[in-house]
Structure formats: C-alpha cells, structure tokens
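See below for the structure under consideration.
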Amino acid sequence: MRPFALIAVLALLPAAALGQEVPDWLFRLSIHGYISQAYAVSDDHQILGIPTNGTTDYRDLALQFRYDQDRKNAFVLQLRQERLGDSPRQRDDVEIDWAFYQRNVSDRLTLKAGRIPLPLGIFNEAGGPATTSPFFRPPTEFYDRRYTSKTLEGVLGSLALGAPGGWSFDVDGYFGQWKVDYDDGAEQSDARNAWGGQVWANTPLPGVRIGGGAYRCEVEPPDGARVDYFMLHASVEADLHRWRLASEYMSGNLDQGGRYRAWYAQAGYQVTRRVSIHARGAVSRITTPDEDYDTPLSEDLALSINYAVHPAIVFKLEGHTNQGILREDTPQTLSASPSETRYLIASVVASF
Amino acid sequence: MRRVLVLLLIAGVAVAEELPFRVVVHESNPVVAVTRAQLSAIYTKRTRSWPDGMEIFPVDHLPASRLRERFSRTVHGKSVAYVTRYWQRLIFSGRAVPPRELRSDAAVLTLVRSNAEAVGYVDARTPLSDGVKAIAVRP
C-alpha cells in the first residue's frame with residue numbers, strides 16, 4: 001500500500017511545473033487518479049458490505065498512467081483498490097484495473113487490446129471516480145457484477161461517426177473474456193467468448209444522448225454446468241444546464257438461470273453553483289426458468305445532496321431505502337422473503 | 001454622415017464581441033484563424049490534427065482560472081464544471097485525457113513558443129512574446 005500512496009503523492013505534484021522546459025516524453029505522460037472515501041451505516045441488516053455498526057472501510061481509489069507515444073499510439077495502465085466494508089466481495093489488494101494498448105487509426109477509429117474498460121451503459125467505464133455520478137456508486141441493480149463486468153480482456157474497436165443535422169454516433173464492438181461474481185460474490189466465474197457492442201446516438205441537443213447495446217458470453221460457474229448469458233441494455237442521458245437525468249434498462253437471458261431485468265431512473269437539479277440534489281429509483285428482478293420465482297432482488301430508493309467545493313472535489317450525503325433480498329447477514333436465496341433495509345453513505349470524492 | 005454612423009456601429013459591435021482571450025500558436029504555424037466550433041473540437045480532442053496533418057497539442061489553464069471559465073463559456077458554451085465532467089468521463093473510461101493545464105499566461109506562452117504543434121490561449125491584455133502569434137477566432 002505504501003508504494004501506491006507514494007505514487008499518488010508524486011502524481012499530485014503541481015501540473016504547472018510542467019509548463020517549463022521539459023523533455024518531450026514527460027509531456028506525453030499523463031497521470032490521473034481519484035479517491036472516493038465514505039462512511040456508511042445501515043439499520044436492520046448488512047447490505048452491500050455496509051454493517052449496522054457502520055464502516056469507514058468503504059472506498060474506491062485508482063491511479064492512471066497514460067503515455068501517448070504519438071498521435072497514433074498510447075499505452076494505459078490503471079491501478080485500483082476497492083474496499084467494500086464487510087462485503088463478501090471484498091478484495092484486499094491493489095489490482096491492475098486496466099493495462100492496454102490503444103491505436104488511433106484515425107480521428108474516428110480507435111482500437112484497443114489488453115485489459116480494457118468495458119463500454120456498457122452510462123456509468124460502467126467511468127463509474128469508479130463517482131465525480132460523474134451524484135451517488136457513491138452507480139446503481140448496483142443495473143451494474144450487478146454477477147451479470148456484468150467493469151473490464152474486458154480482449155479487443156475493442158470504437159468508431160465515431162458524424163451525421164447531418166447535428167447528430168453523431170459512437171459505436172463500440174468488442175470480443176474477449178471477463179469474470180463475473182458468483183453467488184454472493186465471494187467466488188468468481190469465468191465468462192468466456194464474450195462479444196458485444198454498443199451504440200450511442202448524440203442528439204443535436206447538447207448533452208442529450210441515447211444508447212443501446214447487447215452482449216453474449218459463456219459463463220462457467222465453479223460448481224455447475226456452463227450457461228450462456230445474453231443481455232440487452234438501453235440508456236438515455238441528459239446533462240442539461242441545471243438538470244441531469246439518466247435512465248437505463250437491462251434485460252438478460254441467463255439460460256438455466258432464468259431471466260434478469262433491471263432498470264433505474266435518476267434526476268438531479270443544480271440548485272446553486274456548488275449544491276445539487278438528486279433522486280434515484282432502481283429495481284432488479286429475477287425470474288426462474290420454471291417461473292417458480294419472480295423475485296425482486298432489490299428495489300432501492302435514494303436521495304442525495306452534493307456539495308462541490310471544486311469541480312473535481314465533491315461531498316455527498318445520500319440515504320437509501322432498500323426492499324429486497326440483498327441483505328448479507330442471512331443466506332441469499334430466491335425463496336427468502338424480502339426485507340427492508342435503510343442505509344446512509346457520507347462520502348467525499350476527489351479526482352485529478 | 002450615415003456611412004460614418006454605420007461604421008461606428010460596426011466598430012461598436014466589434015468591440016462588444018471582442019473576446020477576453022487571444023488564441024496563440026507557434027509563429028511557424030500557417031493557420032491564421034479558427035472558428036469557435038473548430039476550437040471547441042480541438043480542446044475536446046475531437047480534432048487532433050492541423051490542416052497540414054501535424055498533431056495538435058492544446059494547452060489549457062487550471063479549472064479554477066477565471067480565464068478558463070470565460071474561454072469555456074465562449075468556446076464550448078458550457079461551464080468549466082460541465083467540461084470537467086466531460087473529461088472525467090473520458091479519462092476514467094480510458095478514452096482520452098484532457099489538454100495539459102498550465103498555471104499562467106507566461107507558462108502557456110513559453111510552451112507554445114517551444115512547440116510548433118501547440119495551441120493555447122492567454123488573456124487578451126497579455127503581451128505576446130517572440131515566436132508566438134495570435135490567430136483570429138471567428139463565430
């Protein structure tokens with residue numbers, strides 16, 4: 001951990017110093033990072049790693065190094081550590097989050113190879129820093145790591161297309177593999193032969209975009225037969241003068257695992273230059289193949305107030321009411337009766 | 001007399017629309033003018049090459065700078081906070097990184113003077129040094 005902290009301190013050295021005569025290679029090196037640190041507490045049950053007696057072991061931090069060798073070639077490495085309180089998904093070490101090579105074939109076409117952020121919806125790639133999200137984390141219902149992944153080990157092609165009338169399109173296609181959480185997340189499964197794509201349509205109205213995509217992968221659980229996942233997702237986002245609106249929907253065929261559906265909507269209003277308020281409702285459900293169960297995994301209602309002391313430093317206070325079977329202090333089974341849990345997260349996020 | 005009035009009005013409008021910053025490039029750069037839309041594309045890295053194929057190296061001011069706010073509202077039509085969110089999304093999705101940020105006009109001029117690919121902006125009242133030229137910004 002100590003070397004990681006040292007690197008972070010070095011990265012925070014004043015950027016202005018780079019305005020002096022410096023070697024060309026140093027200008028081509030970019031260092032960015034973020035830390036999102038929280039205190040979280042729940043009332044009746046432990047949920048999302050948040051115990052009833054509270055925890056400050058709840059954070060997400062990353063350090064990113066990018067070397068743009070020239071206009072055509074770039075190399076990116078991102079280290080990340082995520083702490084999730086008492087969650088069984090807790091991973092202890094600093095991990096290599098990304099390590100990839102990027103080839104800018106043209107201003108419009110980019111290819112990447114290696115361990116790459118997976119383009120999926122609004123928040124999957126950039127969910128970590130949370131300065132792009134008014135809540136500590138993007139909705140777990142849509143971005144449930146049992147069905148989605150943050151990264152892809154493989155190749156990704158991205159194409160930017162212009163169109164008449166102020167429209168433009170961002171198209172991504174990918175192939176590779178990733179891991180998904182198994183059961184309560186203490187173990188992971190390999191998801192192989194994963195391929196998919198996503199299209200974003202940027203409308204003529206600045207800040208408004210509509211997207212959709214799909215992916216398929218073969219999941220190999222540690223103690224079960226291989227199953228095929230086929231997921232469809234759709235998104236709409238509006239980042240307007242004072243209003244920030246977002247909604248996403250996901251529907252997945254989990255083969256023998258049944259059908260998974262998740263959606264959420266969130267709205268935020270910029271009250272003053274520094275203060276904004278946000279509300280979010282998110283739902284996820286799973287239906288077993290024989291339809292014995294059509295269970296709400298999670299129904300989460302949340303309110304958040306953000307105070308931005310700087311565009312890149314934001315304090316957040318959010319309260320959630322969750323109805324479902326996500327509680328972690330009892331075994332999670334689809335036959336369990338839903339329970340209500342309220343939890344609170346107070347966090348600060350800084351990025352550079 | 002009427003012609004003089006029209007000329008005065010045009011001059012007045014020109015003064016009213018005068019930008020609070022000047023866009024600067026290396027003196028060897030053949031570009032003499034850019035539109036605001038082109039400048040926005042350069043500073044959001046949607047355009048990465050000068051017309052002669054040379055790589056563009058944009059340099060910016062720090063987010064807390066007043067000049068940066070004026071530049072952002074004039075060129076992008078958005079606040080610095082909005083543009084910061086835009087960049088954070090690109091940075092932490094591994095797609096691109098923002099232009100290098102410098103602390104002062106002097107640092108911008110130093111960098112532009114030493115880099116033929118660079119483009120920057122400085123306060124309109126800042127005198128330009130040798131090796132740097134201002135280019136026009138059109139609506």
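Here is how names work: the chains are called A, B, and so on, in the same order as the sequence lines, proteins then strands, and each is numbered from 1.
Under 4.0 Å is where a charged nitrogen must lie from a carboxylate oxygen, and between B/Arg89 and A/Glu237 at least one such pair does. Electrostatic pairing of A/Arg80 and A/Asp60 counts as a salt bridge here, judged by a charged N lying under 4.0 Å from a carboxylate O. Under 4.0 Å is where a charged nitrogen must lie from a carboxylate oxygen, and between A/Lys150 and A/Asp97 at least one such pair does. Under 4.0 Å is where a charged nitrogen must lie from a carboxylate oxygen, and between B/Arg68 and B/Asp60 at least one such pair does.
Using a 4.5 Å cut-off between heavy atoms, B/Ala41 does not touch chain A at all. Looking at B/Tyr86, neither its backbone nor its side chain comes within 4.5 Å of chain A, counting heavy atoms on both sides. Heavy atoms closer than 4.5 Å to chain B are found in the side chain of A/His310, but not in its backbone. In this structure, the portion of A/Asp172 lying under 4.5 Å from any heavy atom of chain B is its side chain and not its backbone. When heavy atoms are compared at a cutoff of 4.5 Å, A/Arg66 approaches chain B solely by way of its side chain, counted from C-beta outward. For a residue to count as touching a neighbouring chain, one of its non-hydrogen atoms must lie under 4.5 Å from one of that chain's; by this rule A/Asp68 touches chain B with the side chain only. Interface remark: A/Ser106 contributes backbone atoms only to the contact with chain B (heavy atom separation under 4.5 Å). Both the backbone and the side chain of A/Arg28 come within less than 4.5 Å of a heavy atom in chain B. Of the atoms belonging to B/Ser79, not a single heavy atom falls under 4.5 Å from chain A.
Residues B/Lys45 and B/Pro99 approach most closely at CE-N, 4.0 Å, considering heavy atoms.
Comparing A/Thr110, A/Asp70, A/Asn104 by heavy-atom pairs within less than 4.5 Å of chain B, the highest count is held by A/Asn104. For the set B/Val97, B/Thr84, B/Asn115, the count of heavy-atom pairs under 4.5 angstrom toward chain A peaks at B/Val97. No other option in B/Gly94, B/Pro98, B/Pro63 has as many heavy-atom pairs under 4.5 Å with chain A as B/Gly94. Ranked by heavy-atom pairs under 4.5 Å with chain A, the list B/Arg95, B/Arg46, B/Lys78 is led by B/Arg95.
Under the 30°/60° scheme for interplanar angles, the aromatic rings of A/Tyr215 and A/His233 are found to be tilted.
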Exercise. Could you check A/Asn306 against A/Ser304 for side-chain hydrogen bond (donor to acceptor under 3.5 Å, both in side chains), going step by step and ending with a plain yes or no?
Key: CA-CA 7 Å; A/Asn306 287 194; A/Ser304 170; 3.0 Å; yes
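Here the two rings, on A/Phe65 and A/Phe75, have centers that are 6.0 Å apart or farther.
The side-chain tip of A/Arg209 points at the ring of A/Trp200 from less than 6.0 angstrom away and within 45° of straight on.
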